[in-house]
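To keep things clear, I will list the structure first and then write my remarks on it.
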Amino acid sequence: MAEADPGKEAKDFHLDTPFENRPFFLKGANALDWGMQNRFSRIFNPESGRTVMLAIDHGYFQGPTTGLERCDVNIVPLLSHCDALMLTRGMLRTTIPSTFRGGTVLRASGGPSILKELSDERIAVDMEDACRLNVAAVTVQIFIGGEHESRSIHNMTRLVDLGLRYGIPVLAVTAVGKDMVRDARYFRLATRICAELGAQFVKTYYVADGFETIAASCPVPLVMAGGKKLPELDALTMAYNAIDQGAAGVDMGRNIFQSEAPSAMIRAVRGVVHEKMKPREALDLYQSLKNQGK
Ligand code: R5P
């Protein structure tokens, strides 16, 4: 019990200062509970309002992807440069030091491998385990137009309900099947369905024509998906355009860990996302860090 302090009788209630209600910095997130907003602050930098997420969850359906053969060797050295890490609980428990201070976005759907129909996913993590791992969010794949569209949506809504119970945001990832057109119309449909049905943020691909309409019509933060490996300047340009057109960050995997200099590349991506560095300037940063062997 605190001791009585007779010298501290005078109190100042600042009666002339109205209580300040501070709006939360992320789009569509004002009505979320404190725990969820706090978890979001571990993913999105409250200063810039944006995030650089490093996606390393590919093994959950395609095994040891190029660049992820040894996450202890290839990924752990990059951890200090990402705001958040998207990964499976297997990789988190086995390989990521528990001293990691960024946000973890836990892959919570799975089932089929690349040898089968990919949309045939189920929820693959109990929310209690997500809590035990102290994750900042969970993530689930949505297959709009895919064979198992309804089930993927149901996986998401179930996770949203559980996430609301425990204060854990859900990231919906808009997966695109082989036969689907990757255009703004498709992604407006997919991202809007995810947000309407409760996802607190959505990961989607960049399209050169109309990305700003996808961002505008989605009432929650959009994170740009990286996709297959591109030349560094193209990847930095895509990230720049996505941010410029309304994305709240990027979630890139292969464009970082398959780069010739992953550490230099993730720092160049940070420049684009957090400092709005122009693509050429970010490429110069990449080249100079690479030349210094950093
Ligand atoms: C599944 O589609 C996941 O989102 C991926 O495993 C991963 O996050 C993709 O990252 P990237 O396309 O940037 O390599």
Are the side chains of N255 and K228 in touch, meaning some heavy atoms are under 4.5 Å apart? no
From CD1 (I142) to NE2 (H154), nearest 0.5 Å: 11.5 Å
Is there a path from L118 to L171 through hydrophobic residues (I, L, V, M, F, W, Y) whose side chains come within less than 4.5 Å of each other? no
Student check: side-chain heavy atoms of L133 and L92 closer than 4.5 Å: yes
For A184 and T213, the nearest pair of non-hydrogen atoms, with its separation, is CB-OG1, 4.1 Å
In the hydrophobic clustering (ILVMFWY, side-chain contacts below 4.5 Å, transitive), which residues join F13, or is it alone? L15
Sorted by first residue and then second, give each ring-ring contact (aromatic ring centres under 6.0 Å, His included) pair with at least one member in residues 102-150; sequence neighbours left out. none
Any F25 side-chain heavy atom under 4.5 Å of F40 side chain: no
Using every non-hydrogen atom in the two residues, find where A282 and A268 come nearest and quote the distance to one decimal. O-CB, 3.4 Å
M86 vs L54 side-chain heavy atoms within contact, under 4.5 Å: no
Between F44 and F201, what is the ring plane arrangement, given parallel below 30°, perpendicular above 60°, and tilted in between? perpendicular
Can you confirm whether N291 is buried at CG, in the sense that more than 12 heavy atoms of other residues, nucleotides or ligands lie under 6.0 Å from that atom? yes
Pairs meeting criterion ring-ring contact (aromatic ring centres under 6.0 Å, His included) with involvement of residues 109-135, two or more places apart: none
Partners of E275 by side-chain hydrogen bond (donor to acceptor under 3.5 Å, both in side chains), sequence neighbours excluded? none
Distance col, row T191:OG1 vs L222:CG, nearest 0.5 angstrom, shows 5.5 Å
Before accepting this row, confirm whether a basic side-chain N of the pair R50/D83 lies closer than 4.0 Å to the acidic partner's carboxylate O. no
Would you tabulate the side-chain donor-acceptor contacts of residues 60-81 under 3.5 Å, counting partners in other chains and residues two or more places apart, or write 'none'?
from	atom 1	to	atom 2	distance (Å)
Y60	OH	R107	NH1	3.4
Y60	OH	E121	OE2	2.6
Q62	NE2	T65	OG1	3.0
T65	OG1	G63	O	3.2
E69	OE1	G67	N	2.8
E69	OE2	G67	N	3.4
R70	NE	D72	OD1	2.9
R70	NE	D72	OD2	3.4
R70	NH2	D72	OD2	2.7
N74	ND2	G67	O	3.2

Scanning both residues in full, the closest heavy-atom pair of V135 with R39 reads O-NE, 2.9 Å
Do the side chain of D183 and the main chain of Y186 share a donor and acceptor less than 3.5 angstrom apart? yes
Show every salt bridge (charged side-chain N to carboxylate O under 4.0 Å, His left out) that has at least one partner inside residues 214-224, sequence neighbours left out. none
Would a 4.5 Å heavy-atom cut-off, applied to side chains only, mark R165 and M127 as touching? no
Could you report the tightest heavy-atom contact between K290 and A264, atom names first, then the distance? N-CB, 3.9 Å
Is a donor from one side chain sitting under 3.5 angstrom from an acceptor on the other, for R122 and S109? no
Starting from the C-alpha separation in whole Å, work towards a yes-or-no answer on side-chain contact (heavy atoms from CB on, under 4.5 Å) for I56 and L85. CA-CA 7 Å; I56 62 160; L85 194 57; 4.2 Å; yes
When rounded to the nearest 0.5 Å, the distance separating CD of E212 from OG of S217 is 10.5 Å
Which atom of G110 lies closest to which atom of A124, heavy atoms considered: N-CB, 3.8 Å
Do V170 and T139 have side chains that get closer than 4.5 Å, going by heavy atoms? no
Residues forming a side-chain hydrogen bond (donor to acceptor under 3.5 Å, both in side chains) with K294, sequence neighbours excluded: Q292
The test is side-chain contact (heavy atoms from CB on, under 4.5 Å); show your working for V125 and L106 and say whether it passes. CA-CA 9 Å; V125 165; L106 185 68; 3.9 Å; yes
Would you say N241's side chain and A208's backbone share a donor-acceptor pair under 3.5 angstrom? no
With salt bridge (charged side-chain N to carboxylate O under 4.0 Å, His left out) as the rule and sequence neighbours excluded, what pairs involving residues 129-143 come up? R89-D129, R93-D129, E128-R132, D129-R132
Heavy-atom closest pair, residues P279 and T237: CB-OG1, 3.5 Å
Keeping the roles fixed (side chain from E149, backbone from I144), state whether a donor-acceptor pair exists under 3.5 Å. no
Within a 6.0 Å radius of atom CZ on R158, are there more than 12 heavy atoms belonging to other residues, nucleotides or ligands? no
ring-ring contact (aromatic ring centres under 6.0 Å, His included) contacts in which one or both residues fall within residues 240-266, not counting sequence neighbours: H58-F257
All pairs passing side chain to side chain donor-acceptor pair (under 3.5 Å) where residues 15-32 contributes a residue, at least two apart: none
Output yes when a side-chain donor or acceptor of T51 lies under 3.5 Å from a complementary backbone atom of I43, and no otherwise. yes
Within the supplied structure, the quantity of interest is the number of heavy atoms (other residues, nucleotides, ligands) at a distance under 6.0 Å from K229 NZ; does it exceed 12? yes
Can you confirm whether D120 sits close enough to E147 that some side-chain heavy atom of one is under 4.5 Å from a side-chain heavy atom of the other? no
How many angstroms lie between CE in M53 and CG in D251, if you round to the nearest 0.5 Å? 3.5 Å
Is there a side-chain contact (heavy atoms from CB on, under 4.5 Å) between C82 and I266? Walk through the geometry before answering. CA-CA 7 Å; C82 67; I266 194 168; 3.9 Å; yes
Flag the pair M36 / L164 as yes when at least one side-chain heavy-atom distance between them is below 4.5 Å, and no otherwise. yes
Could I get the full list of ring-ring contact (aromatic ring centres under 6.0 Å, His included) partners for Y206, not counting sequence neighbours? F211
Would V173 and V140 satisfy side-chain contact (heavy atoms from CB on, under 4.5 Å), going step by step from the backbone distance to the final call? CA-CA 6 Å; V173 178; V140 55; over 6 Å; no
NZ of K203 to OG1 of T174, rounded to nearest 0.5 Å, is 9.0 Å
Out of curiosity, L283 CG to M277 CE, how far, rounded to the nearest 0.5 Å? 11.5 Å
Not counting sequence neighbours, list each pair that qualifies as a ring-ring contact (aromatic ring centres under 6.0 Å, His included) and has a residue in residues 271-294. none
